[in-house]
Amino acid sequence: MSGFRAPACGSLRTADVGREVELYGWVSRRRDHGGLIFVDLRDRWGTVQVVFNPTAAPEAHRIAESLRAEYVVRVRGAVERRPRGSENPGLATGEVEVLARELEVLSPSKALPFPVEGEQEVDEAVRLRYRYLDLRRPRMQRILELRHRVNKVTHAYFDEHGFWEVETPLLTRATPEGARDFLVPSRLHPGRFYALPQSPQQMKQLLMVAGVQRYYQIARCLRDEDLRADRAAEFTQLDLEMSFCEEEDVFEVVEGWIGRLWREILDVELPRPWPRLSMEEALLRYGTDKPDLRYGLEIADLGPALAGTRVQVFRAALDAGGVVRGLAVPGGRTMARRELDDLVALARGAGGGGLAWLPGGPLDKFLSEAEQAGIRRLTGAGPDDLVLIAADRRRRAETVMGLVRQEVARRRGLVCEGQWRFVWIYPMFLFEEDAEGNLTYGHHPFTRPFEEDLPLIDERPYEVRAHAYDVVCNGYELASGSLRIYDRAMQERVFEILGLDRQTIQSRFGPLLEAFEYGVPPHGGIAPGLDRIVMLLAGTDNIRDVIAFPKTQSMVDLMMDAPGEVDEAQLRELHIRVEPPARGERGRAR
RNA sequence: GGUCCCGUGGUGUAGCCUGGCCCAACACGCGGCCCUGUCAAGGCCGAGAACGCCGGUUCGAAUCCGGUCGGGACCGCCA
């Protein structure tokens, strides 16, 4: 039995009429007329109707009575033109049918936990539990194929541009900062651990030292951080690195690649070059480092209009070194109280104090005429518009206004669907302030500072710009990259500014620093997130949809029931003893 | 670490706000019978959930309250 060479169910056309064929596939539907039985037989290439006639083939007909949805069968029969008037124009194979002579059930199926046919919404937990059935559904099959095509175009494109794909290790070592690592215990080295790569960052830089010059890899990356709709614990990056490049070279390579994907997969021609927006401006005008440019609703800094304000919330924020930001909602004066309450809740949920609005809000009577006029001018608010205002520490006010902007656009239908607004976020800053107010890197510690900003590095480090860039489209961060430091002294200096002591530097980055002493080409690169790109191409806002076997938000594989327990013997071999979490401590009892 | 939403037969929903008419309704699916041209086939009959779980309030709870488990969205986090 080999159905491998058999014609695909979905391939049959009128040209095949008269052929005797053997078909293999799944029973998609059975229509039993008592006499005739019709079966829609499905494989990856489509569906064809098979007819069982009790007088022409009594044995096959008898077996066909037992067929149920998703049985896997082998059918032998003749391709025939359908009787006049019974063609099905909704089916690619609709002009023909297969008159069955022989039927064999290769594998029966129990009643399904949810319909594989059609596009009905099913609870995601059930889909994940039976992912192999979920993946049979037409929508998921389309996405699997789409992702395959993205990979195929990617390999072709980078090969044509002289890149080599080099594989890098999965078992590597933990990095001091960045995301939380997944660790793998070492059997041969008690008490030591490998880390799974958060990205092949150092490896690809070492490949530049190795003279590869142009490297790419479709690389799996793993980060043990909390999940989101567009974030999975294990995800795939198109990792790439180039020697002797400037950012313009990186931009050109990436724009060319994305342009080709959109052309070949969506038949869409993206305009080039893509616009650029500095990180500073993105945060100010859009309240996020990944702005969705399919709508306006730009945020304004209201500081200038409120310099002398006596309104307590604004005064307090400004005096504490914070900001007051606002945006105008077109036609927002008619906004329902309910909707405003929801926005306030959104702001609170983001850790903000709340939201003020104008006019009609509680602050109207405390704001002077001049202040109100100033706010209207800065936000560009017209007579029918409502101004939403947040006052807070800069970073939090940005987060709040960014979320408000997004929510207002969504609710009021201001998003221009069907647009692809790619933008480079460039330049970015070398350093940022973390939650505790400490200095940390903006992109990663290997990022090259602007030469002309170096004099600022000790006095005003936050003003040092970096050769770092992100690709953003429609509110998604699709790629992140930079030109790298290739000078040992400079790299050590940046590590020191970041507060790493000599010993840590030596133990974690020693090999890279040493490599920098043997002739390093200036280099840079970028790492697009393939999952998110496939999300956009597939038109979904859920990253799990584009991963064949994803985990839930709590990182559980509902199908394999991972993570699972292991034998005591296995643990002993790895020199591991488990200390169960105490009550109230983080961790789940099983 | 935090905030919010959801959890009713196999699936999708209704009922829940305004407790008793609900020993829970509808559609699809499932089982049986009838039916030789259907393709969301059709017709008739039937089975299937004490409403995630635990506890409370009440004369009475799917409906109210608390906890817990599971799923999801978001803030923090994610170089």
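What you see below is based on every heavy atom in this structure, not just the backbone, and it leaves out hydrogens, waters and symmetry mates.
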Any Lys/Arg nitrogen of A:Arg30 or A:Asp32 sitting under 4.0 Å from an Asp/Glu carboxylate oxygen of the other? yes
Test: A:Arg231 and A:Glu225 ion pair at under 4.0 Å: no
Any residue of residues 201-209 of chain A with a heavy atom less than 4.0 Å from an atom of RNA chain B: A:Gln201
Contact pattern, 5' to 3', of nucleotides 32-44 of chain B - B, S or - by protein heavy atom under 4.0 Å: S--BBBBBSB---
Sort out the partner of B:A40 for me: Watson-Crick or G-U wobble, both distances under 3.5 Å, none otherwise. none
Gap between atoms CZ and C1', on A:Phe114 and B:A27 respectively (whole Å): 19 Å
With A:Thr540 via side-chain hydrogen bond (donor to acceptor under 3.5 Å, both in side chains) - residues at least two apart: A:Asp545
In terms of side-chain geometry, is the basic nitrogen of A:Arg137 or A:Asp134 positioned less than 4.0 Å from the acidic oxygen of its partner? yes
Separation of B:C78 C1' from A:Asp224 CG (nearest whole Å): 11 Å
What is the distance from CG of A:Asp392 to C1' of B:G76, rounded to the nearest Å? 14 Å
Quick check for you: among B:C74, B:C75, B:C78, whose closest atom lies nearest to any side-chain atom of A:Arg223? B:C78
Selected nucleotide, minimal atom distance to A:Thr552 side chain, candidates B:C78, B:G72, B:G76: B:G72
Can you tell me how far C1' of B:C78 sits from CG of A:Asp470, to the nearest Å? 13 Å
Using atom CG of A:Asn542 as one end and atom C1' of B:C74 as the other, report the distance to the nearest whole Å. 14 Å
Closest to the 5' end of RNA chain B, once A:Asp123 and A:Phe446 are matched to their nearest nucleotides, is A:Asp123
Does A:Asp40 pair with A:Arg31 as a salt bridge, N-O distance under 4.0 Å? yes
For the atom pair OG (A:Ser199) and NE2 (A:His444), what is the distance rounded to the nearest 0.5 Å? 7.0 Å
Would A:Tyr286 and A:Asp292 count as having a side-chain donor-acceptor pair, cut-off 3.5 Å? no
Taking the basic N atoms (NZ, or NE/NH1/NH2) and the acidic carboxylate oxygens, is any pair closer than 4.0 Å for A:Arg62 and A:Glu59? yes
What nucleic acid atoms does A:Gln553 come within less than 4.0 Å of, heavy atoms only: base, sugar-phosphate, or nothing? base
Heavy atoms from C-beta onward define the side chain here; which of B:G71, B:C75, B:U11 lies closest to that of A:Ala350? B:C75
